[in-house]
Colleague: 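For reference, the structure I am asking about is given below.
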Amino acid sequence: MSARLEVRDLTVHAGRPGQAPPILDRVSLTLDPGEVLAVVGESGSGKSMTAHSVLRMLPAGLHMDAEGLRLGDLDLLAASSRALDGVRGRRISMLYQQPKRMLDPTATVGSQVAEPLRRHLGMSRQAARRRVVELLAAVGIPDPDRR
Ligand SMILES: Nc1ncnc2c1ncn2[C@@H]1O[C@H](COP(=O)(O)OP(=O)(O)OP(=O)(O)O)[C@@H](O)[C@H]1O
Ligand SMILES: [Mg+2]
């Protein structure tokens with residue numbers, strides 16, 4: 001299911017508006033199906049913050065506002081957390097710069113890789129486990145069944 005992503009005047013700030021300069025100041029972009037957009041900027045300029053905002057995954061204490069934030073017909077600003085769960089990891093995914101740090105050390109790697117397969121593809125626990133082992137093997141993780 002492909003859809004246009006539209007971000008219009010996205011602003012993020014810590015605390016109340018006006019208290020400190022915004023972290024993101026009216027960022028706008030559109031991304032059509034099949035299109036690739038590279039965002040380039042120095043460290044700390046807000047690239048990751050933009051991606052996190054689109055997924056509505058801002059760190060606690062940060063606030064966002066936008067004139068528009070839409071994935072096709074879905075208004076991401078107004079979407080319920082259930083609707084957002086259906087978007088994250090399926091219609092919009094994030095590849096982290098430091099993936100090792102982004103894995104939750106309190107859960108096994110297998111369960112974390114299996115989660116989107118179970119949730120989005122409806123795989124059974126066993127089918128997801130088989131697929132996870134295949135995926136770990138495909139990227140060269142030694143002894144994937146044990147991992
Ligand atoms: N919880 C927070 N509270 C306040 N400011 C924050 C918070 N988290 C990040 N920032 C600030 O948001 C800004 C944008 O950071 P961001 O991580 O989006 O940069 P980036 O462009 O992805 O950088 P890099 O190239 O290093 O990945 C930075 O100036 C950072 O200090
Ligand atoms: Mg970043």
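Just so you know, ligand 1 is whichever comes first in the structure, and atom 1 is the first atom listed for that ligand. No experiment lies behind these values; they were computed from the predicted model shown. The chain is numbered in sequence order, starting from 1.
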Colleague: Would Gly46 count as a contact residue for ligand 1, given that I'm defining contact as a non-hydrogen atom of the residue lying under 4.0 Å from a ligand atom?
Modeller: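 Under 4.0 Å: yes for Gly46.
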
Colleague: Looking at Gln97, which atoms of ligand 1 are within less than 4.0 Å of one of its heavy atoms?
Modeller: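 Selected atoms, number and element: 27 (O).
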
Colleague: Is the shortest N/O to N/O distance between Ala60 and ligand 1 below 3.5 Å?
Modeller: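 There is no such contact.
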
Colleague: Suppose we measure from atom 8 (N) of ligand 1 to each protein heavy atom; which comes out shortest, and what is that distance?
Modeller: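 Answer for atom 8 (N) of ligand 1: Met49 CE, 3.6 Å.
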
Colleague: If you draw a 6.0 Å radius around CZ in Arg125, do more than 12 non-hydrogen atoms from other residues or ligands fall strictly inside?
Modeller: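 Atom CZ in Arg125 is not packed in, count stays at 12 or less.
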
Colleague: What protein heavy atom sits nearest atom 26 (O) of ligand 1, and how far off is it?
Modeller: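 That would be Ser43 OG, 2.6 Å.
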
Colleague: Which residue and atom name correspond to the protein heavy atom nearest atom 14 (C) of ligand 1, and how close is it?
Modeller: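 The answer is Gly44 O, 3.3 Å.
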
Colleague: Is there a protein heavy atom at a distance of less than 4.0 Å from atom 30 (C) of ligand 1?
Modeller: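 Not a single protein heavy atom is under 4.0 Å away.
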
Colleague: Can you tell me how far CD of Glu6 sits from OG1 of Thr30, rounded to the nearest 0.5 angstrom?
Modeller: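 The CD atom of Glu6 is 6.5 Å from OG1 of Thr30, to the nearest 0.5 Å.
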
Colleague: Please confirm whether Ala14 comes within less than 3.5 Å of ligand 1 when only nitrogen or oxygen atoms on both sides are compared.
Modeller: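 Among all N and O atoms of Ala14, none is under 3.5 Å from an N or O of ligand 1.
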
Colleague: Suppose I only count heavy atoms of Ser48 and a 4.0 Å limit; which atoms of ligand 1 are within that range?
Modeller: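 Listed by number with element: 17 (O), 18 (O), 20 (P), 22 (O), 27 (O).
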
Colleague: Hey, is ligand 1 close enough to Thr50 that some N/O pair sits below 3.5 Å?
Modeller: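 Not met; the criterion fails.
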
Colleague: Would you find more than 12 non-hydrogen atoms of other residues, nucleotides or ligands less than 6.0 Å from Glu67 atom CD?
Modeller: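 No, not enclosed.
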
Colleague: Check this for me: Asp73, atom CG, are more than 12 non-hydrogen atoms of other residues, nucleotides or ligands nearer than 6.0 Å?
Modeller: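 No, not enclosed.
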
Colleague: Non-hydrogen atoms of Gly61 versus ligand 1: any pair closer than 4.0 Å?
Modeller: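 The answer is no, since Gly61 has no heavy atom less than 4.0 Å from ligand 1.
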
Colleague: Report yes or no: does Arg88 contribute a side-chain atom to a donor-acceptor pair with the main-chain N or O of Leu55 at less than 3.5 Å?
Modeller: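 Here the side-chain-to-backbone pair exists.
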
Colleague: Identify the protein heavy atom lying closest to atom 3 (N) of ligand 1, giving its residue, its atom name and the separation to 0.1 Å.
Modeller: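 Going atom by atom, the protein heavy atom closest to atom 3 (N) of ligand 1 ends up being Leu62 CD2, 3.4 Å.
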
Colleague: Between Arg56 and Asp85, does at least one N-O distance fall below 4.0 Å, as a salt bridge requires?
Modeller: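 The answer is no: the pair does not qualify as a salt bridge.
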
Colleague: Identify the protein heavy atom lying closest to atom 5 (N) of ligand 1, giving its residue, its atom name and the separation to 0.1 Å.
Modeller: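 The closest one turns out to be Ile23 CD1, 3.3 Å.
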
Colleague: Quick check on Glu134: does its CD atom have over 12 non-hydrogen neighbours (other residues, nucleotides or ligands) under 6.0 Å away?
Modeller: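 For Glu134, atom CD is crowded (more than 12 foreign heavy atoms under 6.0 Å).
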
Colleague: Looking at Arg118, I'd like to know if its CZ atom is crowded, meaning that more than 12 non-hydrogen atoms belonging to other residues, nucleotides or ligands lie closer than 6.0 Å.
Modeller: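 Counting neighbours around CZ of Arg118, more than 12 heavy atoms of other residues, nucleotides or ligands fall under 6.0 Å, so yes.
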
Colleague: To check your reading of the model: name the closest protein heavy atom to atom 25 (O) of ligand 1, its residue, and the distance in Å.
Modeller: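 Here the nearest protein heavy atom works out to Lys47 NZ, 2.7 Å.
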
Colleague: Run the numbers for me: atoms of ligand 1, each under 4.0 Å from some heavy atom of Glu42, listed by number.
Modeller: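 Here the atoms of ligand 1 in question are 21 (O).
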
Colleague: With a sphere of 6.0 Å drawn around CG of Leu37, does it hold more than 12 non-hydrogen atoms of other residues, nucleotides or ligands?
Modeller: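 Yes, CG of Leu37 has more than 12 neighbouring heavy atoms, counting only those of other groups under 6.0 Å.
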
Colleague: Where the Mg ion (ligand 2) is the corner point, what angle links OG of Ser48 with OE1 of Gln97, to 10°?
Modeller: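 Reported to 10°, the angle equals 100°.
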
Colleague: Would you say atom 17 (O) of ligand 1 has a protein heavy atom nearer than 4.0 Å?
Modeller: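 Within 4.0 Å of atom 17 (O) of ligand 1, protein heavy atoms are found.
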
Colleague: How close do Val7 and Val54 get, counting heavy atoms only, and between which atoms?
Modeller: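 It is CG2-CG2, 3.9 Å.
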
Colleague: Nearest 0.5 Å, what's the CZ-CG distance between Arg91 and Leu74?
Modeller: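 Spacing of CZ (Arg91) from CG (Leu74) equals 6.5 Å.
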
